[in-house]
A.B. asks: 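Please see the structure below; I have some questions.
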There are 2 protein chains.
Amino acid sequence: MKKISSRFSVAVHILSLLALSPSPCTSEFIAESVKTNPVIIRRIIGKLKKAGLVNVRPGAGGAYLTKEKDEITLLDVYRAVEVVEEDELFHHHENPNPKCPVGANIESVFRSKMLQAQMVLERELANVTLGQMVTEISEKN
Amino acid sequence: MKKISSRFSVAVHILSLLALSPSPCTSEFIAESVKTNPVIIRRIIGKLKKAGLVNVRPGAGGAYLTKEKDEITLLDVYRAVEVVEEDELFHHHENPNPKCPVGANIESVFRSKMLQAQMVLERELANVTLGQMVTEISEKN
DNA sequence: TTTTGGTGAAACTAAAATGGTTACATCGAG
DNA sequence: CTCGATGTAACCATTTTAGTTTCACCAAAA
């Protein structure tokens with residue numbers, strides 16, 4: 001793979017800005033903080049919107065949170081930006097050879113181990129709220 | 001990202017075969033069980049070799065484990081096949097705007113949360129040995 | 001010693017994901 | 001009505017991945 005897409009880290013960045021800003025933020029403003037293109041921001045905001053985390057004022061513009069910052073977890077964001085396909089982090093390659101005793105059975109065994117590993121990862125993400133994030137960010141000032 | 005490369009699942013498949021086979025296995029034999037090309041298998045075996053998990057008989061051919069199957073964990077394999085870059089699963093995008101209070105501090109906060117999440121994932125992988133894998137695979141027969 | 005089977009590596013291809021850019025129709029507030 | 005901002009679409013370049021062909025080299029067995 002390499003790495004999980006930066007969409008995730010950018011999305012957290014966006015939401016942190018929204019959580020700290022008293023008024024809606026435009027994609028251009030956000031793009032300046034993230035140091036990227038406004039279109040990139042809009043695309044990610046689109047996914048956050050679809051997930052019900054933010055709303056965007058039509059016409060006038062500007063995004064804002066639709067939930068309390070303590071009710072948004074990093075897992076919500078992770079899922080919203082669809083960084084992993086079908087919510088499965090690990091590739092279960094194969095249509096292995098069913099004639100081979102290993103080929104025939106490895107898939108289900110491997111899969112269950114990977115789902116377990118994925119579960120603990122997601123539980124960890126679910127444990128961190130946007131509220132905690134912005135608190136820690138603010139404390140560093 | 002999508003998914004972690006199938007190199008990982010294929011590597012586990014390869015090692016399972018080696019653990020169950022009394023004699024060294026050729027890449028062609030393995031390729032049949034995995035249902036892929038022998039060259040793909042050799043490339044992955046090359047990485048496993050570099051990590052000290054297997055050895056290959058020169059000339060005659062055939063790979064075999066260099067460690068006890070209970071001393072190889074899925075984390076060893078995960079690391080060996082280099083599915084994640086620099087051992088960091090999450091992308092910490094950004095050279096964000098240092099002038100922005102969020103941009104200036106989010107990176108370190110986000111990073112520490114992600115390292116924590118990655119840690120629990122890896123701990124889970126470290127908890128499963130190749131021995132357990134082949135035991136479970138065999139039980140299914 | 002010659003043959004044979006296998007490895008390791010290079011060179012290429014094709015597909016997909018990612019991050020980025022430009023352009024533009026559309027919508028609402030002032 | 002005008003202006004600013006959004007939401008898309010259409011591209012593009014880069015990188016990763018999986019796969020294939022080819023071939024030099026090596027060691028064991030005939």
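So you know, we letter chains A, B, ... as the sequences are listed, proteins then strands, and number each from 1.
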A.B. asks: Quick one: NZ on K50(A) to CD1 on I45(A), what's the gap to the nearest 0.5 Å?
C.D. replies: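 That separation rounds to 14.0 Å.
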A.B. asks: Strictly under 3.5 Å: I want the nitrogen or oxygen pairs between protein and nucleotides 23-30 of chain D, one per line.
C.D. replies:
none

A.B. asks: Would you indicate which nucleotide in dA5(D), dT7(C), dT16(D) comes nearest to any side-chain atom of K2(A)?
C.D. replies: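 The answer is dT16(D), which lies nearest to the side chain.
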A.B. asks: For K49(B) and dG8(C), is the shortest distance between a side-chain N/O and OP1 or OP2 below 4.0 Å?
C.D. replies: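 Looking at the OP1 and OP2 atoms of dG8(C), one of them is under 4.0 Å from a side-chain N or O of K49(B).
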A.B. asks: In whole angstrom, what separates R57(A)'s CZ from dA29(C)'s C1'?
C.D. replies: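 From R57(A) CZ to dA29(C) C1': 9 Å.
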A.B. asks: Write down the distance between CG (N55(A)) and C1' (dA5(D)), rounded to a whole number of angstrom.
C.D. replies: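 Result: 15 Å.
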A.B. asks: Who pairs with K113(A) by salt bridge (Lys or Arg N to Asp or Glu O under 4.0 Å), at least two apart in sequence or on another chain?
C.D. replies: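 Partners of K113(A) by the salt bridge (Lys or Arg N to Asp or Glu O under 4.0 Å) criterion, ordered by chain and then number, come out as E136(B).
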A.B. asks: Would you say dG20(C) has OP1 or OP2 under 4.0 Å from some side-chain N or O of T36(A)?
C.D. replies: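 Yes, T36(A) has a side-chain N/O under 4.0 Å of OP1/OP2 on dG20(C).
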A.B. asks: Under 4.0 Å, heavy atoms only, any strand: does G46(B) hit a base, just the sugar-phosphate, or nothing?
C.D. replies: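 No contact.
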A.B. asks: When the distance from CG of N37(B) to P of dC12(C) is rounded to whole Å, what number comes out?
C.D. replies: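 Rounded to whole Å, this separation is 18 Å.
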A.B. asks: Rounded to whole Å, please give me the gap between NE2 in H91(B) and C1' in dA17(C).
C.D. replies: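 The distance from NE2 of H91(B) to C1' of dA17(C) comes to 12 Å, rounded to the nearest Å.
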A.B. asks: Same cluster or not: are V120(A) and F90(A) linked, directly or through other Ile, Leu, Val, Met, Phe, Trp or Tyr residues, by side-chain heavy atoms under 4.5 angstrom apart?
C.D. replies: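 No, because V120(A) and F90(A) fall into different hydrophobic clusters, even though each may have its own neighbours under 4.5 Å.
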A.B. asks: Would you say R7(B)'s side chain and I44(B)'s backbone share a donor-acceptor pair under 3.5 angstrom?
C.D. replies: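 No.
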A.B. asks: Write down the distance between CD1 (I45(B)) and P (dG8(C)), rounded to a whole number of angstrom.
C.D. replies: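 Atom-to-atom, I45(B) to dG8(C), this comes out as 8 Å.
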A.B. asks: Quickly work out the F29(A) CZ to dG4(D) C1' distance and round it to whole Å.
C.D. replies: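 Taking CZ of F29(A) and C1' of dG4(D), I get 16 Å after rounding.
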A.B. asks: Is the phosphate of dT16(D) approached by S5(B) (side-chain N or O, under 4.0 Å from OP1 or OP2)?
C.D. replies: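 The answer is no; no side-chain N or O of S5(B) sits under 4.0 Å from OP1 or OP2.
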A.B. asks: For the backbone of V109(B) and the side chain of S112(B), can you confirm whether one donor and one acceptor N or O come within less than 3.5 Å of each other?
C.D. replies: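 Checked: pair present.
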A.B. asks: Please state how far atom NZ in K50(A) lies from atom P in dT6(D), giving the value in whole angstrom units.
C.D. replies: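 My rounded result for the distance is 18 Å.
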A.B. asks: Verify the contact: side-chain N or O of S27(B) to OP1 or OP2 of dT7(C), cut-off strictly under 4.0 Å; return yes or no.
C.D. replies: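 For dT7(C), OP1/OP2 do have a side-chain N/O of S27(B) under 4.0 Å.
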A.B. asks: Which comes earlier along DNA chain C counting from the 5' end, the contact point of E28(B) or that of R43(B), where each point is its nearest nucleotide?
C.D. replies: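 Between the two, 5'-proximity favours E28(B).
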A.B. asks: Between dT20(D), dG6(C), dG20(C), spot the one nearest the side chain of V39(B), thanks.
C.D. replies: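 That would be dT20(D).
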A.B. asks: Please state how far atom CD1 in I44(B) lies from atom P in dA9(C), giving the value in whole angstrom units.
C.D. replies: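 In whole Å, dA9(C) P and I44(B) CD1 are 15 Å from each other.
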A.B. asks: Would you say dG5(C) has OP1 or OP2 under 4.0 Å from some side-chain N or O of T26(B)?
C.D. replies: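 For T26(B), the contact criterion (side-chain N or O under 4.0 Å from OP1 or OP2 of dG5(C)) is not met.
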A.B. asks: Side chain of V56(A) only, please: which of dT17(D), dG19(C), dT6(D) is the nearest?
C.D. replies: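 Closest nucleotide to the V56(A) side chain: dT6(D).
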A.B. asks: Strictly distance-based, threshold 3.5 Å: is any side-chain N or O of S138(A) a donor or acceptor partner for the main-chain N or O of V134(A)?
C.D. replies: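 The answer is yes, because a donor-acceptor pair under 3.5 Å joins these two groups.
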A.B. asks: Closer than 3.5 angstrom, by distance alone: can the side chain of T73(B) be matched with the main-chain N or O of T129(B) as a donor-acceptor pair?
C.D. replies: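 Not a single qualifying donor-acceptor pair exists.
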A.B. asks: Looking at dT16(D), dA18(D), dG19(D), which one has an atom nearest to any side-chain atom of E85(B)?
C.D. replies: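 Out of dT16(D), dA18(D), dG19(D), the nucleotide with an atom closest to E85(B)'s side chain is dT16(D).
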A.B. asks: About how many Å separate CG of L121(A) and CG of L89(B), when rounded to the nearest 0.5 Å?
C.D. replies: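 Answer rounded to 0.5 Å: 6.5 Å.
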